[in-house]
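Written below as structure tokens is the structure these notes are about.
Below, chains carry the letters A, B, ... as their sequence lines are ordered, and counting in each starts from 1.
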2 protein chains.
Amino acid sequence: MNIGQAARASGVSAKMIRYYERVGLLSPAGRTRAGYRVFSDDDVHALRFVRRARDLGFPVADIVQLLSLWRDRDRESGKVKELARAHLTELRAKMQELQAMAATLERLVTSCDGDERPSCPIIDELADDA
Amino acid sequence: MNIGQAARASGVSAKMIRYYERVGLLSPAGRTRAGYRVFSDDDVHALRFVRRARDLGFPVADIVQLLSLWRDRDRESGKVKELARAHLTELRAKMQELQAMAATLERLVTSCDGDERPSCPIIDELADDA
DNA sequence: GCTTGACCTTGCCATTGTGGGAACCTTCAG
DNA sequence: CTGAAGGTTCCCACAATGGCAAGGTCAAGC
């Protein structure tokens with residue numbers, strides 16, 4: 001099948017399939033004589049794998065590892081778990097950053113009257129000379 | 001003062017000061033005859049404002065608005081509050097995305113033995129044929 | 001006055017993953 | 001044969017930040 005069909009079958013856009021190939025996440029697809037990429041069912045399977053990993057927020061670099069572990073019949077599940085755990089730690093760190101911002105912002109939003117008058121604790125805190 | 005001093009005084013890197021000027025967040029700084037940018041205390045004050053807003057995760061486009069509201073003696077605090085509230089909504093949305101990923105990932109990590117054997121629910125779920 | 005080091009200038013490259021569009025070629029159906 | 005749909009590559013853009021390189025400037029010390 002060609003790239004459009006593979007895209008529809010996998011849920012990965014044609015654009016991204018080309019990108020993944022370019023950055024080495026996927027090995028170069030075969031080509032017809034005219035230069036069209038050709039995909040097998042296995043390729044589509046791999047694309048779905050990639051999409052699911054992306055949906056979990058794994059960066060492309062991690063997915064390279066995950067794909068290789070997936071294909072390794074002798075993998076140690078410990079390695080997969082380590083990757084996942086490290087990523088989970090990343091996610092939690094980002095969540096905490098956002099959480100901290102949100103907490104401050106919430107406090108400010110709550111304390112601001114938000115009417116037609118200029119007095120505004122939000123602006124005041126941003127402009128704080130301290 | 002020159003850009004390095006302004007950077008140290010504001011906590012915004014020289015690189016970012018130039019960037020903010022280039023993208024129109026800050027009006028172009030004055031220059032010495034030699035072409036060095038010159039900053040006033042007011043400029044530094046604005047830079048600190050920008051840094052605090054960035055620390056709260058406001059995108060540059062929002063900060064353009066916030067700066068203009070800060071300078072507007074007749075601002076309506078309602079407009080500030082609206083900006084802040086919209087950003088807070090964004091933050092919460094991102095947190096929820098991350099939260100969903102983290103929840104799935106946590107379930108998977110917990111269910112994986114993570115030893116030297118290949119069996120791995122994490123890989124299984126990513127590769128799921130369903 | 002000259003050298004040296006610190007600091008300034010601009011400009012380009014990289015990041016991360018995704019989309020948009022142009023210019024051009026291929027395939028297939030009518 | 002022609003036209004539509006879809007493939008190809010390449011460039012651009014996003015957001016915000018850092019790094020590096022080549023070159024100009026300034027101030028201090030000799």
Inset, instruction - Check the angle between the aromatic planes of B:F49 and B:W70 and answer parallel, tilted or perpendicular using the 30° and 60° thresholds. - result: parallel

Inset, instruction - Return the value, rounded to whole Å, for the distance between atom CZ of A:R22 and atom C1' of C:dT16. - result: 12 Å

Inset, instruction - Could you tell me the separation between the CD1 atom of A:I63 and the P atom of C:dT16, rounded to a whole number of Å? - result: 13 Å

Nucleotide N/O of nucleotides 10-14 of chain C paired with protein N/O under 3.5 Å:
from   : atom 1 : to    : atom 2 : distance (Å)
C:dT10 : OP1    : B:R31 : NH1    : 3.4
C:dT10 : OP1    : B:R31 : NH2    : 3.0
C:dT10 : OP2    : B:R37 : NH1    : 3.1
C:dT10 : OP2    : B:R37 : NH2    : 3.0
C:dG11 : O6     : B:K15 : NZ     : 3.4

Inset, instruction - For residues A:V50 and A:M16, determine if any side-chain heavy atom of one lies less than 4.5 Å from a side-chain heavy atom of the other. - result: no

Inset, instruction - Starting at atom CZ of B:R33, determine the distance to atom P of D:dT25, rounded to an integer number of angstrom. - result: 12 Å

Inset, instruction - Spell out, as yes or no, whether a donor-acceptor pair under 3.5 Å connects the side chain of A:Q5 to the backbone of A:N2. - result: yes

Legend entry - Touch class at under 4.0 angstrom, heavy-atom based, for A:V60 against every strand present: sugar-phosphate

Legend entry - Spacing of A:L56 atom CG relative to C:dG17 atom C1', expressed in whole Å: 16 Å

Inset, instruction - Tell me which of A:S13 and B:A14 sits closer to the 5' end of DNA chain C, going by the nucleotide each one is nearest to. - result: B:A14

Inset, instruction - May I ask you to decide whether B:K94 forms a salt bridge with A:E97, counting only side-chain N to carboxylate O separations under 4.0 Å? - result: no

Legend entry - First of A:A34 and A:Y19 reached from the 5' end of DNA chain C, by closest nucleotide: A:Y19

Inset, instruction - Taking all non-hydrogen atoms of both residues into account, name the closest pair between A:A9 and A:R48 and its distance. - result: O-NH1, 3.0 Å

Inset, instruction - For D:dT17, take OP1 and OP2 only and decide whether either is under 4.0 Å from a side-chain N or O of B:R54. - result: yes

Legend entry - Lys/Arg N to Asp/Glu carboxylate O, B:K79 vs B:E82, below 4.0 Å: no

Inset, instruction - Please report, rounded to the nearest Å, how far the C1' atom of C:dT16 is from the NZ atom of B:K94. - result: 14 Å

Legend entry - Separation of atom CD in A:Q5 from atom P in C:dC28, rounded to whole Å: 10 Å

Inset, instruction - Confirm from the modelled atom types if B:Y36 and D:dG24 form a donor-acceptor pair under 3.5 Å, side chain to base only. - result: yes

Legend entry - Nearest-angstrom distance from the residue atom OH of A:Y20 to C1' of C:dG19: 13 Å

Legend entry - Shortest non-hydrogen contact from A:A84 toward B:I122: CB-CD1, 3.9 Å

Inset, instruction - Would you kindly give the CZ-to-P distance between A:F58 and C:dG17, to the nearest whole Å? - result: 13 Å

